[in-house]
Each structure stands twice: as C-alpha cells, then as structure tokens.
Amino acid sequence: MESSPIPQTTSSPLVGTDPTVYSPDTNRRLHREAVFVNELDPRDGNFVSRYLVIKSHPEGVVGGTELKALENQLKSYATFKYAVPLMTRNMRLRFASLSDACEGQLILSQLGYHVHHTTQEEFAMAKSQDPSSIDDFEGQVKFRIVTTGNPSNHDVNELMEIVRNLCHRFGRIRDLARVNTNQDSTYCFRVEFQSVDDAIRCTKILTKKGVSSRSKNGHFEWMTDRVESWSGKSPRSSPQLPPMDNFGRLEGYVHTGIPASNNVGPRHHADQHNRVHRVCVENGSDVRTTIMLRNIPNKMDWLSLKKILDGCCFGKYDFLYLRIDFQTASNVGYAFVNFTTTDAVLELMKSVDGRVWSGYRSVKAAEISYATIQGKESLIQKFRNSSVMQEAPFCRPRLFWSEVDFQMHPHRIGRYAIGTEQDFPAPDNPAKLQRSVDSARSIGLYPPNGVNHGNDHRNRTSMWDRGTPRDQLEVRSPFGQIISEDMKRTIEDWYYRSTYIYKQFDMIPFGQALHYVEVYRWMMQGVPNPGVIGQVFWPQSFAAPSRNVPRQIAYTSNSQ
C-alpha cells in the first residue's frame with residue numbers, strides 16, 4: 001500500500017458540495033442526511049439529473065436548424081465541453097457532470113430555451129437503448145476502509161473526512177454517507193461524484209493501488225480495502241416496456257422476416273492486411289498501437305465509448321476520436337483509439353471484438369482493425385490543423401493522460417490524473433488549417449465517391465503508412481502484380497551494383513525498388529538499352545542473373 005498524506009480541510013456541516021443558485025442543495029442547507037441523485041423524485045420541482053430535454057427553442061430557430069443553433073451555444077460556454085446532444089423529436093443533452101448539467105440548464109433557460117431535467121430512463125428510451133441496461137447508480141462509489149486499533153466516535157468522523165478529501169483528489173463530490181457493516185474494523189461509505197468519469201477513475205486507480213496512512217491523533221491506522229461502483233436496489237421502478245428483440249420489434253408476434261444485417265465488409269482491398277492478428281501481436285512481429293473500431297451503434301456517444309474502454313483498458317490509451325456526422329449529431333459507425341501498449345490492444349480484442357454492443361438494439365458486431373495513421377504524435381499532427389477542431393466539442397478528437405505518461409513524468413503528472421483529458425495542441429500550420437476549412441465548406445465532411453482524387457494516394461503511399469503489412473505488400477508488388485523469386489534476385493543484384501551494399505528485396509527502399517522493377521520490365525520487353533534510370537545503368541551485355549550467381553559482381557560504371 002502507498003502511504004499518502006491527506007490534506008487537512010475544514011469540516012462543513014453540509015453533506016455534499018457548496019450550495020449554488022442552480023443546485024437543489026440550497027433547499028437543504030440545514031439537513032445532514034445524504035440524498036443521492038437517483039433518490040430524487042422526478043415530479044419534484046427540485047429534481048436534477050445529468051440529462052436535459054429541450055422542449056422549445058428561442059424565436060427564430062425553426063426545424064432543421066436546432067442543432068446548428070445549439071452548436072453555437074456548445075462552443076461558447078465551457079460547461080458544455082462534456083455535453084453530447086441527441087437529436088430526436090425533442091433535442092436532448094447528456095452531461096458527464098451533474099453540476100455542468102445544472103449550469104447548462106440555467107444558461108439555456110436564460111437564452112430563451114424551454115429546457116428541464118429528465119430521467120435517465122427517458123433519455124435511454126429516446127436513444128432507442130435498452131432501459132434495463134442503464135446504471136441507476138452512475139457516479140456513485142462504494143468505499144471500504146479497514147482500520148487497526150480502536151477508533152472512537154470522533155475518529156469515525158475523521159474517517160469520513162479522510163474519504164471526502166481522498167475523493168476530492170479525483171474530482172468534486174456531491175454527497176457522502178456512511179453505511180453500516182457487520183465488521184468492527186471495517187467502515188463502508190457511499191460517495192457520489194459530480195462527474196461519472198471521476199467515479200470511474202477513482203475505482204480503477206484505487207483498486208489497482210490503494211492508499212494507507214495514520215490518523216491525526218495516532219490512535220489508529222487505516223487503508224483502503226475495496227473501492228468499487230455502488231450497486232443496490234433502485235428506489236424508483238424502471239418503466240415497464242414490452243419485450244423487444246435486437247431489431248426493435250415486439251416479441252410474441254409473427255414477424256415478416258429477419259432484417260438484413262448492417263454489418264458491411266471491408267471497404268478497401270487492403271483492409272484485410274490491417275486486421276489485428278493475436279499471434280502477430282503476441283510474438284512481437286506487429287507493434288502497431290492505433291486501431292480503428294468499427295460497427296459502432298450510431299446513437300453511441302464518445303462518453304459511452306470511453307466508459308467501455310475504461311472497463312477493459314483504463315489508463316492504457318491516450319487518444320480517442322469518435323467520428324460524428326455534423327448534420328445529425330450521431331456517429332458514423334467507427335472510431336480511432338491509440339493505445340500505449342500492444343497488450344491493451346489484446347485486452348480490447350478480448351472484450352469487444354466480434355461481440356454485439358450490450359444495451360443497444362443493433363445486430364452489428366464490433367470489428368477491430370489497424371488504422372492507417374499510427375502513433376499519438378502522428379494523430380496530433382493529423383488533427384491539430386483539421387477543420388474538425390473548429391466544430392462543437394462533442395465532435396473533436398480527445399487526448400488523455402495514460403499510465404505511461406505518469407511513469408515518464410511522475411512529478412508533473414500525478415497518479416490521480418490518469419484518465420483525465422489533456423489539452424489538444426493548438427494549430428501550427430495556419431495555411432493547412434485554412435485549406436481544411438475551405439475543403440469542408442466546399443465538399444463537406446463526407447464527399448461522394450470520386451470527388452476526392454487524393455484518396456488513392458493517401459491510401460497507398462501515405463507518409464504515415466510505413467512499415468505496415470500493407471506497405472510491405474506495396475514494396476513487393478508496386479504494380480499490383482506478383483513478383484517472382486527470380487525477379488527479386490535480379491533486383492537485389494542490381495541494387496548491389498549501384499550501391500555496393502547488399503540488401504534483401506524486402507529491405508530495398510520503395511522508390512528505388514520501383515526503378516529496378518521498371519528496368520526489369522524493359523528487359524523482358526527486349527529494350528536494347530534504356531540508358532540511365534535514376535542511378536541505375538543497364539549495360540547492353542547485362543542479362544538477368546540466375547539464383548546461383550555469386551554476389552561479388554564487378555560494378556559497371558555509368559559512363560559510356
């Protein structure tokens with residue numbers, strides 16, 4: 001266990017955060033009993049949640065422009081940084097933090113929006129998500145502390161302050177309550193964070209490496225025994241919905257047939273070489289870390305995707321980008337994730353690959369393949385000068401602090417900062433950014449087939465696509481043909497003649513291999529003397545050497 005000093009703060013008679021003008025805590029200033037969000041009555045005027053529904057828009061906002069008008073507000077206020085819109089019959093917003101949701105509701109109300117809080121179940125139904133799969137206790141953590149010695153009643157109050165201060169290292173907490181246990185030396189607490197992400201980080205970090213220390217008066221020692229998500233019986237009954245299958249059809253009736261699956265095959269002929277093979281990752285022959293996660297349900301937002309990644313790979317990824325359609329605020333079915341180790345790629349495969357998405361009425365199974373752009377630095381250079389960084393926050397790629405960052409800079413990046421978002425670097429090429437903005441305005445985010453003529457070049461010879469199996473295939477077959485073994489030996493000999501350095505065909509640079517293959521083609525066509533091509537001269541007397549020709553071949557000068 002790691003010994004960590006606990007900062008001393010003044011104890012407050014209030015349970016939860018300091019009251020604000022938009023918080024229900026103002027109505028219970030003198031109440032010490034903890035009341036958690038899932039225990040609030042939705043019919044009460046003081047009900048709050050992390051979900052908002054917009055019933056009407058200000059004057060001048062008509063159908064089809066609601067999202068555009070809302071995006072302007074999402075860009076203007078920091079409280080909407082972790083907010084995700086949902087376009088249904090009524091516009092809805094989901095927040096990661098309860099305090100941000102309360103402040104966002106206040107801002108939109110003052111701007112003329114008719115907006116109020118809604119329950120998590122209603123938001124799930126509007127999202128076509130299975131209400132039985134939601135977590136009624138999101139953002140709540142169960143803390144268990146084990147003590148040695150005899151803590152008195154006053155010491156128990158100190159334990160509560162210890163838990164409060166320890167949780168504040170991960171983020172703001174809303175409520176804290178002690179739960180009785182049957183063991184004398186074990187104390188259990190129920191903590192609710194303002195942010196769901198802070199609660200996840202708290203459970204992951206303290207489960208992996210706990211904290212221990214001594215009380216202020218020295219009467220006892222304590223250590224974190226178990227930190228996990230709170231679970232129990234919900235005080236509110238979930239809505240009783242008729243049973244449905246994965247296609248959203250009522251069960252118990254005769255159906256017309258099984259709809260066609262939304263799964264699609266590879267859209268590029270080289271995608272088969274980007275598949276993640278477990279054997280290649282385990283033996284170290286494939287060390288790529290940036291993956292493309294496909295067949296994502298369109299209603300899934302980046303907050304939900306991050307929760308899935310944290311469940312299996314917490315602290316082992318540093319980049320996440322869920323591609324969003326700006327017209328509908330829904331994702332387009334794929335995302336890019338960069339991991340810090342190849343082991344994390346295997347963990348994601350074990351948890352997600354080939355499985356349907358739990359809680360979503362979709363038959364699409366997740367698929368994992370390697371991305372063309374590899375590495376965090378390359379991804380930053382790709383997106384920092386992209387027009388997508390000018391869109392609303394929920395559309396942008398995001399960077400996160402990982403365990404590797406903490407190990408490299410333990411004094412600058414604390415252990416409690418693992419999993420938090422870091423600022424994306426500012427643009428460093430104004431001309432490139434302007435071209436990206438102009439391109440997005442002229443042809444849109446998704447140009448039709450054939451409009452962007454640079455796709456073939458980007459897919460085949462991208463500067464970021466070096467050393468991958470697809471690149472190796474291009475080296476072996478620059479003209480889309482199979483190169484025979486005799487041809488490879490001939491190219492090796494030609495390369496040795498011009499450089500005095502022997503290299504196998506796989507190690508010859510791509511550009512020079514193109515020249516040698518072209519020379520070979522001319523030789524097969526009977527061209528008497530093509531002359532100087534690049535730095536290779538083909539004399540008239542030169543013939544294709546056999547496989548048994550020794551490598552020590554006299555070099556022929558280029559001069560005639």
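FYI, the numbering just counts along the sequence from 1.
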Check your understanding: Roughly how far, to the nearest 0.5 Å, is the CG atom of L346 from the CD1 atom of I368?
Key -> 9.5 Å
Revision key, fill the gap. Exactly one of F170, F406, W401 clears ring pair (Phe, Tyr, Trp, His ring centres under 6.0 Å) with Y416, and that residue is F170
Point to revise | Sub-4.5 Å side-chain heavy-atom contact between C167 and F189 | key: no
Review point. Short question: side chain of R288, backbone of T372 - any donor-acceptor pair under 3.5 Å?
Key: no
Point to revise | Heavy-atom donor-acceptor pair, T203 side chain to I200 backbone, under 3.5 Å | key: yes
Review point. Distance-only, no hydrogens or angles: does the T207 side chain make a donor-acceptor pair with backbone N or O of V227 under 3.5 Å?
Key: yes
Check your understanding: Would the number of heavy atoms belonging to other residues, nucleotides or ligands and lying under 6.0 Å from CG of D423 be above 12?
Key -> no
Practice item. Quick one: do V53 and E122 satisfy side chain to side chain contact (heavy atoms under 4.5 Å, CB included)? Show the steps, please. Key: CA-CA 10 Å; V53 57; E122 293 177 353; over 6 Å; no
Exercise for review: Please tell me if the side chains of W230 and N38 come closer than 4.5 Å, counting only heavy atoms from C-beta onward.
Suggested key: no
Check your understanding: Is a side-chain N or O of K364 found less than 3.5 angstrom from the main chain of I296, in a donor-acceptor match?
Key -> yes
Check your understanding: Would a distance-only check, ignoring hydrogens and angles, find a side-chain to backbone donor-acceptor pair under 3.5 Å from R384 to L433?
Key -> no
Check your understanding: Do S49 side-chain atoms and T119 backbone N/O form a donor-acceptor pair below 3.5 Å?
Key -> no
Point to revise | Sub-4.5 Å side-chain heavy-atom contact between I418 and R201 | key: no
Check your understanding: Do N283 and S285 meet the criterion of a side-chain donor-acceptor pair at a distance under 3.5 Å?
Key -> yes
Practice item. Show the numbers, then the answer: is there a side chain to side chain contact (heavy atoms under 4.5 Å, CB included) between E103 and Y77? Key: CA-CA 10 Å; E103 187 173 353; Y77 300 93; over 6 Å; no
Practice item. Apply side chain to side chain contact (heavy atoms under 4.5 Å, CB included) to I324 and V388, showing your working. Key: CA-CA 10 Å; I324 299 296; V388 71; over 6 Å; no
Check your understanding: Can you tell me if E192 uses its side chain to pair, donor with acceptor, with the backbone of V37 under 3.5 Å?
Key -> yes
Check your understanding: Taking E403 as the fixed residue, which of R415, K208, K316, K209 is the one that meets the salt bridge (charged side-chain N to carboxylate O under 4.0 Å, His left out) rule?
Key -> K208
Review point. Taking the six-membered ring of F424, is the NZ or CZ of R396 close enough (under 6.0 Å from the centre) and on axis enough (within 45°)?
Key: no
Revision key, fill the gap. Smallest heavy-atom separation, L111 atom then Q73 atom, equals CD1-OE1, 3.1 Å
Review point. What heavy-atom pair brings K299 and S330 nearest, and what distance separates the two atoms?
Key: NZ-OG, 3.8 Å
Practice item. Please examine the side chains of M91 and Y113, heavy atoms only from C-beta on, and report whether any two atoms are closer than 4.5 Å. Key: no
Practice item. Return the orientation label for the F400 and W302 ring planes: parallel under 30°, perpendicular over 60°, tilted otherwise. Key: tilted
Review point. Once you round to the nearest 0.5 Å, how far does CD of E421 lie from CG of D318?
Key: 12.5 Å
Point to revise | Polar side-chain atom of N331 near backbone of N298 as donor-acceptor pair, under 3.5 Å | key: yes
Check your understanding: Any side-chain heavy atom of F394 within less than 4.5 Å of one from R94?
Key -> no
Check your understanding: When the ring planes of H117 and F47 are compared, do they come out parallel, tilted or perpendicular, using 30° and 60° as the limits?
Key -> perpendicular
Exercise for review: State, to 0.1 Å, how close L93 and P85 come at their nearest heavy-atom pair, and which atoms those are.
Suggested key: CD2-CA, 3.7 Å
Exercise for review: Any chance you could measure E71, atom CD, to S76, atom OG, to the nearest 0.5 Å?
Suggested key: 11.0 Å
Study note, to complete from the structure: What one should report as the nearest heavy-atom pair of A365 and W357 is C-NE1, 4.4 Å
Review point. What distance do L303 atom CG and L322 atom CG have between them, rounded to the nearest 0.5 Å?
Key: 10.0 Å
Review point. Considering the options R92, K306, K127, K307, which one meets the salt bridge (charged side-chain N to carboxylate O under 4.0 Å, His left out) requirement together with D301?
Key: K127
Review point. Hey, what's the ring geometry for Y321 with F336, parallel, tilted or perpendicular (30° and 60° as the breaks)?
Key: parallel
Review point. Distance only, no hydrogens: is a donor on one side chain within 3.5 Å (strictly under) of an acceptor on the other, for S97 and R172?
Key: no
Exercise for review: Just do the salt bridge (Lys or Arg N to Asp or Glu O under 4.0 Å) check on D286 and R275 with the steps written out, would you?
Suggested key: CA-CA 11 Å; D286 201 331; R275 291 181 58 187; over 6 Å; no
Point to revise | N/O donor-acceptor pair under 3.5 Å between T289 side chain and T341 backbone | key: no
Point to revise | For the student: nearest non-hydrogen atoms of M389 and F383, plus distance | key: CG-O, 3.0 Å
Review point. Are F143 and L176 side-chain neighbours, meaning at least one heavy-atom pair lies under 4.5 Å?
Key: no
Practice item. For the pair I291 and V345, evaluate side chain to side chain contact (heavy atoms under 4.5 Å, CB included) and give the outcome as yes or no after the intermediate values. Key: CA-CA 8 Å; I291 63 99; V345 178; 4.1 Å; yes
**Study point:** C312 vs L348 side-chain heavy atoms within contact, under 4.5 Å
**Key:** yes
**Study point:** L206 and L166, any side-chain heavy atoms less than 4.5 Å apart
**Key:** yes
Study note, to complete from the structure: Heavy-atom nearest pair, G104 first then L52, reads C-CD1, 4.3 Å
Check your understanding: Between the main-chain N or O of K350 and the side-chain N or O of R355, is there a donor-acceptor pair closer than 3.5 Å?
Key -> yes
